[in-house]
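Remarks on the structure that follows.
Quick note on labels: first sequence line is chain A, next is B, and so on, each numbered from 1.
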There are 2 protein chains.
Amino acid sequence: MYTMKECTVYKTIDMIGKKWTLLILLELYKGQEKYKRFNEIKNGLQDITPKVLSGRLKEMEKIELVQKNVDSSFVPIKSEYALTKKGEELLCVVQEMKRWGLKWKMGNKECGLTTCKECVL
Amino acid sequence: MYTMKECTVYKTIDMIGKKWTLLILLELYKGQEKYKRFNEIKNGLQDITPKVLSGRLKEMEKIELVQKNVDSSFVPIKSEYALTKKGEELLCVVQEMKRWGLKWKMGNKECGLTTCKECVL
DNA sequence: CAGGATCCAAAAGGATACTG
DNA sequence: CAGTATCCTTTTGGATCCTG
């Protein structure tokens, strides 16, 4: 029998609907550099605590939205995060959200679909 | 200064990212009838409790995703819910989610982009 | 620098029972 | 039928401090 838990939409929402997840995705997409450091991400998302960020990044790594590289040959350790292809493609969803949000006027005025410095999308 | 809370994407996620919200939206979209009764929706979403459904519907009414009609001239009272234009247009977002979810194989196999009996989208 | 450990507060959701 | 009320468990998130 069919259960809700098998539904594609249900599962997708479950995966990306949590607070911060999509914002981290956006943060990783910003700028020209593919890789970002832990603290870079944290600073971009001013209100996030290290614990939450660390938790989200792990989840995202697990479901392969994010790819992590660690270079422990140095002290301090250097970690970098980047979007995977799967993660990058999720941006389409975010883009639809933004389009909808803008149409129904729920954002700030400066946040134009193609020019917003903050969201980049 | 710019704060996260003004971001269109942030606000949109905040609004629709909660559990059940998008599923209720889908449920209202199903079938040929524009209006659905409380228990119809509840039965379509087998695991939802009346408390949660009632809460979500109120939120959705408030942000104008859903429109409600009440006919209290009868006993028992008759209430009906339907999508607004704003709510209907949110389905684009859901559709993107589904497309993405299917591409990355997170749904059931029967859930085809155009033929899924459950999701209708 | 990149987190992990702790502790705590708040929010969300589930179960169940009840009512105009 | 269409919810509300209550109670309780689980999940989240924030604050703070600590460390290899």
Query - Per A:Lys51 side chain, nearest of listed nucleotides C:dC7, C:dG13, C:dC1 - result: C:dC7
Report summary line: Taking for A:Pro50 and for A:Arg56 the nucleotide of DNA chain D with the nearest heavy atom, the one nearer the 5' end belongs to A:Arg56
Report task. To the nearest Å, give me how far apart CH2 (A:Trp20) and P (D:dG13) are. Result -> 9 Å
Query raised in the report: Under 4.0 Å: is that the gap between some side-chain N or O of A:Ser79 and OP1 or OP2 of C:dG3?
Result: yes
Query raised in the report: So, A:Lys62 and A:Glu59, do they make that salt bridge, N to O below 4.0 Å?
Result: no
Report summary line: Heavy-atom nearest nucleotide on DNA chain D taken for A:Ile77 and for A:Thr49; more 5' hit belongs to A:Thr49
Query raised in the report: Of all the choices, D:dG13, C:dA2, D:dG3, which nucleotide is nearest to the side chain of A:Val52 once you look at every atom?
Result: D:dG13
Query raised in the report: Hey, is the side chain of B:Ser54 poking within less than 4.0 Å of OP1 or OP2 on D:dT4, counting only N and O atoms?
Result: yes
Query raised in the report: Has B:Arg37 got a side-chain N or O lying under 4.0 Å from the OP1 or OP2 atom of D:dC1?
Result: no
Query raised in the report: What integer distance in Å separates B:Phe38:CZ from D:dG3:P?
Result: 6 Å
Query raised in the report: Counting only side-chain N and O atoms of B:Tyr81, is one of them less than 4.0 Å from OP1 or OP2 of D:dG3?
Result: yes
Requested in this report: Provide, to the nearest angstrom, the distance between the CG atom belonging to B:Asp71 and the P atom belonging to D:dA2.
Outcome: 11 Å
Report summary line: B:Glu80 CD to D:dG3 C1', in whole Å, measures 16 Å
**Report entry** side-chain N/O A:Lys18 vs D:dT11 OP1/OP2, d < 4.0 Å
**Finding:** no
Report summary line: In whole angstroms, the gap separating P of D:dG13 from NZ of A:Lys42 amounts to 16 Å
Report task. Would you sort out whether B:Glu88 and B:Lys86 count as a side-chain contact (heavy atoms from CB on, under 4.5 Å), showing the intermediate values? Result -> CA-CA 5 Å; B:Glu88 232 171 81; B:Lys86 184 172 172 182; over 6 Å; no
Query - Nearest-Å distance for atom pair CD/P, residues B:Glu40 and D:dC1 - result: 11 Å
